[in-house]
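Inspection log for the structure reproduced underneath, given as structure tokens.
Any value given below was found using the heavy atoms of this structure, including those in side chains, with hydrogens, waters and symmetry copies removed. Residue numbering restarts at 1 for every chain, and letters A, B, ... go by the order of the sequence lines.
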2 protein chains.
Amino acid sequence: MRPLRREQDAAASQRVLDALRRDIILGALTPGTRVTEAALAAKYGVSRVPVREALRALEAEGFVESRPYAGSTIAEIPLDDAADLFAVRGVIESTIARRAAGRAAEQFAADAPNDRWFSARRALTDILDDGDRAVASDALRELPELNIRFHLGVAELSGSTSLTALLRQISGKIEWLYAVDVDNRGKQSWGEHRSIIAAIDAGNGTDAERLMAGHVDSSRRGYLERFAGSGTTPPPGSARRSAGRDAGERG
Amino acid sequence: MRPLRREQDAAASQRVLDALRRDIILGALTPGTRVTEAALAAKYGVSRVPVREALRALEAEGFVESRPYAGSTIAEIPLDDAADLFAVRGVIESTIARRAAGRAAEQFAADAPNDRWFSARRALTDILDDGDRAVASDALRELPELNIRFHLGVAELSGSTSLTALLRQISGKIEWLYAVDVDNRGKQSWGEHRSIIAAIDAGNGTDAERLMAGHVDSSRRGYLERFAGSGTTPPPGSARRSAGRDAGERG
DNA sequence: TCTGGTGAGATTGAATACAATCGCAGAATA
DNA sequence: TATTCTGCGATTGTATTCAATCTCACCAGA
């Protein structure tokens, strides 16, 4: 028996976390922005305690930087990191795809598919449909979020919590890099998702891994193509990198 | 690396976080253990609020799992994840090594080396010396922590906060896998660190990357060799918390 | 004996209250 | 005028308190 499912209300702190992360990744909160606990608490209609918990989690994920008694600011992604992030993401995602395919094969072999797996798989179907609709109607603005949900959905399917946690960080950062440039991508990239899922459903780990690697790589190339020309690519982060003294002379 | 300033007292919440993560990684808290906020608060002499913040951060890092109103438990690492974690770690660490080498070259080229970089580099020297002493005196018990500090130190040197955050997760989990088996590794593995640093200091990104990749790979092979025989590898998670007491007895 | 409901105690979620610290404007001084 | 000092407001860190929810032993009924 599924004992609960009241997450609707049961997660004030979680709600703030998700909303904040979403705002950061999608660009509503730009890097360098200072956020005060009180303001966030007012915005989300909660006290400062759940806000602080959310900020600590985001700090661990690398989306926020905090200094004692000096507050929290949205982190910046140094430009140099971009290419490296794509490289790491490629490994994580293709590994996830392979694992997902293996797990799918298990599920179909078993008599009764795992409940959790099944709902994750169904959620992916919805995400794919929503994305296709968005592409068809040129609502490209919805794609970044759907994209994140797709990739996290595959991670869910893989059953590896360790890899999922890693992906959540890195995938978020990658999307973040794109946040300033939503319209540029999407259409062609989104189409590749169906074939990845097909390989996973077929239990074909080799294909799934290869397709996902290619998918990430084309994403990487798209990014570099877009920004490579200008020596000083301006993704959300590069606005202002403090040159030297950043850490601590006050007093 | 603390922001240095008055870290001694200014970081009650941070202190709890570091201590808890250390206890988890080094095996003092075994996977599956339920931790209550009140107990942790008492243990560290603080109230529940900083404990909660630390738990949220650890949850984001994947070391702890929580359910609303049901408390937190130390996460388990499914056995299947082990090999994948090594693969991802290999990419992250070799990328970090390459970046660190590039950054070292920059530092030596510049007139005045960056302060932060310099202290990170110096810290690494201390870590290497401490590790060598530990190896010489057979104090292998100290190696796991020194090992973590070494790899995070290199990450610090690379200057990539994104990669550092990722490494903190995955490296911690890898060490965690080893927590039950400290004596097996260490000596030979530790020796490789000096050559990695040498390549970084020389600004040789290619060598640094290659050496680090080899280092991680030998670590992976060591792990698999150790556990591959028994179909049911017993990393911390499967050791079961009742039978043989726990992690104190490798000496 | 087994199944399923029930209530008390334990534990977490969140709000409020208060202490500690920082940043900054403006005064005092050379 | 430039510089240092000082006090106040703003903001964060933590403790305390109360409400909401879960866990688990216990018990009624089949």
Starting at atom [atom1] of [X], determine the distance to atom [atom2] of [N], rounded to an integer number of angstrom.
| X | N | atom1 | atom2 | value |
| --- | --- | --- | --- | --- |
| A:Y69 | C:dT21 | OH | C1' | 6 Å |
| A:R67 | D:dT11 | CZ | P | 16 Å |
| A:E37 | D:dA10 | CD | C1' | 12 Å |
| A:Q14 | C:dA14 | CD | C1' | 15 Å |
| A:Y44 | C:dA14 | OH | C1' | 18 Å |
| B:L40 | C:dT11 | CG | C1' | 13 Å |
| A:E53 | C:dA14 | CD | P | 7 Å |
| B:R34 | D:dC22 | CZ | P | 13 Å |

Among A:I24, A:V35, A:V16, find the one that has a side chain to side chain contact (heavy atoms under 4.5 Å, CB included) with A:L58.
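Filter result, single survivor: A:I24.
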
Angle between ring planes, B:F150 versus B:H193, binned at 30° and 60°: parallel, tilted or perpendicular?
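It falls in the parallel class, under 30°.
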
Can you find a pair of side-chain heavy atoms, one from A:D81 and one from B:L163, that are under 4.5 Å apart?
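Contact flag for A:D81/B:L163 side chains = no.
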
Any side-chain heavy-atom pair from A:I96 and B:D84 closer than 4.5 angstrom?
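Not in contact.
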
Does a salt bridge link B:R56 with B:E59, judged by any charged N lying under 4.0 Å from a carboxylate O?
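Salt bridge flag = yes for B:E59 with B:R56.
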
With a 4.0 Å cut-off on heavy atoms, is A:V16 in touch with a base, just the backbone sugar-phosphate, or nothing at all?
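If one applies the 4.0 Å heavy-atom cut-off, A:V16 turns out to touch nothing in the nucleic acid.
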
Is there a side-chain contact between B:S47 and the phosphate of D:dT14, meaning an N or O under 4.0 Å from OP1 or OP2?
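Answer is no, no contact under 4.0 Å.
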
Between [options], which nucleotide has the shortest distance from any of its atoms to the side chain of [X]?
| X | options | result |
| --- | --- | --- |
| A:R48 | D:dT14, C:dT12, C:dA14 | D:dT14 |
| A:R52 | D:dT12, C:dT12, C:dT16 | D:dT12 |
| B:V46 | C:dT16, D:dA15, C:dG23 | D:dA15 |

Of B:T36 and B:V49, the one whose closest DNA chain C nucleotide lies more 5'
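The residue whose closest nucleotide sits nearer the 5' end is B:T36.
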
Taking the nucleotide of DNA chain D with the closest heavy atom to each, which residue, A:R56 or B:A70, is nearer the 5' end?
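Result: A:R56.
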
